[in-house]
Amino acid sequence: MAAPLICPSILASDFARLGEEVRALDAAGADWIHVDVMDGHFVPNITIGPDVVKALRPHTKLPFDVHLMVAPVDPWLEAYREAGADILTVHPESGPHLHRTLGRIRQLGARAGVVLNPGTSLSVLDDVVELVDLVLLMSVNPGFGGQSFIETTLRKIGKTRALLDAAGSKAHLQVDGGVTAANAGACVAAGADALVAGTAVFRGGPSAYAANIRALKAA
């Protein structure tokens, strides 16, 4: 079984040192940089705008995996792509036309992802799976870092993997929320190949990042 991609969420980083944090993650062996964008409307928090993504872009060549928790989402696609996003993931609930939104992301030259909240049905993927490069399963309800992993997500990971395989999709299957070295192995065994982690990566400061990432990959 291949080691999963580790995608540290900078939501858990030191916001006063974001550039240094991104460089440290790169040096520590991260695969993608996960950027949680929250608007205070779609989710109860406000985080990172496109200007911050643009300012961080020169600090690493790693892919920027930008999770857009904003509504309406369509007006922001171009801004985040121009700022340096390589992957743009959107929630089905964040706009009226998911198929159109995913198509637009691809037109912009980015990889397109769909995010499913704990209460969102897998059925939303049925008619858009051919446009999807990434499926992100939330293992917490979005809006805050530091939450506990919802155990029923493991069953949903398995169902999603079966759906993607049946469709012949090469999309990554990513899990986000409460991921630790204690549950990372179960997520991968269920079918995930990319893990978003916040506290589990950033605990202990920059000198611990490499060991924390290795622990997640080896779990």
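Along the sequence shown, the residues carry numbers beginning at 1.
- When all heavy atoms of V179 and S139 are compared, the closest pair comes out as CG2-OG, 4.5 Å.
- Both L62 and V35 belong to a single network of hydrophobic side chains, linked directly or stepwise wherever heavy atoms of I, L, V, M, F, W or Y lie under 4.5 Å apart.
- Note that the OG atom of S94 and the CG atom of L98 stand 8.0 Å from one another [nearest 0.5 Å].
- Contact check for L122 versus L116: side-chain heavy atoms found under the 4.5 Å cut-off.
- Contacts of E78 classified as side-chain hydrogen bond (donor to acceptor under 3.5 Å, both in side chains), with partners at least two apart in sequence or in another chain: R104.
- Within a 6.0 Å sphere centred on CH2 of W32, heavy atoms belonging to other residues, nucleotides or ligands number more than 12.
- For the residue pair A110 and A85, the shortest heavy atom distance occurs at CB-O, 4.4 Å.
- Listed by chain and residue number, I10, S13, F15, V52, L56 satisfy the side-chain contact (heavy atoms from CB on, under 4.5 Å) test with L18 (two or more places apart in sequence, or in another chain).
- Among all heavy-atom pairs drawn from A197 and A200, the shortest one is CB-CB, 4.2 Å.
- Linking ILVMFWY residues whenever their side-chain heavy atoms come closer than 4.5 Å, directly or via other members, leaves I87 and F64 in distinct clusters.
- Both V124 and L88 are assigned to one and the same hydrophobic cluster, defined by single-linkage of ILVMFWY side chains at heavy-atom distances under 4.5 Å.
- Applying the side chain to side chain donor-acceptor pair (under 3.5 Å) test to pairs two or more places apart or on separate chains, those with a residue in residues 204-219 are E21-Y209, D31-K217.
- Under the 4.5 Å side-chain heavy-atom criterion for Ile, Leu, Val, Met, Phe, Trp and Tyr, I48 and L77 are members of the same hydrophobic cluster.
- Scanning for side-chain hydrogen bond (donor to acceptor under 3.5 Å, both in side chains) contacts around T120 gives E93, with sequence neighbours left out.
- By the side-chain contact (heavy atoms from CB on, under 4.5 Å) test, A192 is found to be paired with I157, V175, C187, L195, residues two or more places apart in sequence or in another chain being considered.
- Residues G178 and F149 approach most closely at O-CB, 3.5 Å, considering heavy atoms.
- To the nearest 0.5 Å, the span separating CE on M69 from CD1 on I46 amounts to 12.5 Å.
- When the options V66, T101, D74, V70 are evaluated for a side chain to side chain contact (heavy atoms under 4.5 Å, CB included) with V90, the one that passes is T101.
- Taking the ring pair (Phe, Tyr, Trp, His ring centres under 6.0 Å) definition, one finds that F42 meets it with H91, sequence neighbours left out.
- Considering every non-hydrogen atom in both L216 and A181, the closest pair reads CD2-N, 3.6 Å.
- The structure places CD1 of I6 at 12.0 Å from CD1 of I33, a figure rounded to the nearest 0.5 Å.
- Atom CG of L134 and atom CG of L173 lie 8.0 Å apart (nearest 0.5 Å).
- A donor-acceptor pair under 3.5 Å is formed between the side chain of N183 and the backbone N or O of T180.
- For the pair D36 and H67, the tightest heavy-atom approach, listed with the atom from each and the gap, is OD1-ND1, 3.3 Å.
- Within the structure, side chain to side chain donor-acceptor pair (under 3.5 Å) contacts touching residues 56-65 (residues at least two apart or in different chains) are R23-H59, D26-T60, H34-D65, R57-D86, D65-Q174.
- Atom CG of N45 sits about 7.0 Å away from atom CG of L11, to the nearest 0.5 Å.
- You'll find the side chain of S169 stays beyond 4.5 Å of the side chain of V132, heavy atoms only.
- Taking D126 as the reference, S123, L163 meet the side-chain contact (heavy atoms from CB on, under 4.5 Å) condition, with sequence neighbours excluded.
- Through direct or relayed side-chain contacts under 4.5 Å between Ile, Leu, Val, Met, Phe, Trp and Tyr, V115 connects to L136, M138, V140.
- Among residues two or more places apart in sequence or in another chain, the side-chain contact (heavy atoms from CB on, under 4.5 Å) test is passed with A219 by A184.
- The backbone N or O of A16 sits less than 3.5 Å from a side-chain atom of D14, completing a donor-acceptor pair.
- Separating the CG atom in D39 from the CG atom in L68 is a distance of 9.5 Å, to the nearest 0.5 Å.
- Side-chain heavy atoms closer than 4.5 Å link hydrophobic residues (I, L, V, M, F, W, Y) into clusters, and following such links, even through other members, never connects V196 to V114.
- With sequence neighbours excluded, the residues that form a side-chain hydrogen bond (donor to acceptor under 3.5 Å, both in side chains) with D133 are R106.
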Chi angles and distances behind the side-chain contact (heavy atoms from CB on, under 4.5 Å) call for W76, V37: CA-CA 11 Å; W76 291 102; V37 176; over 6 Å; no
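- Applying the side chain to side chain donor-acceptor pair (under 3.5 Å) test to residues at least two apart or on different chains, the pairs with a partner in residues 184-206 are H172-D193.
- Annotation: side chain of L137 is not in contact with side chain of D176 (no heavy-atom distance under 4.5 Å).
- Residue-environment remark: CZ (R17) exceeds the threshold of 12 foreign heavy atoms within 6.0 Å.
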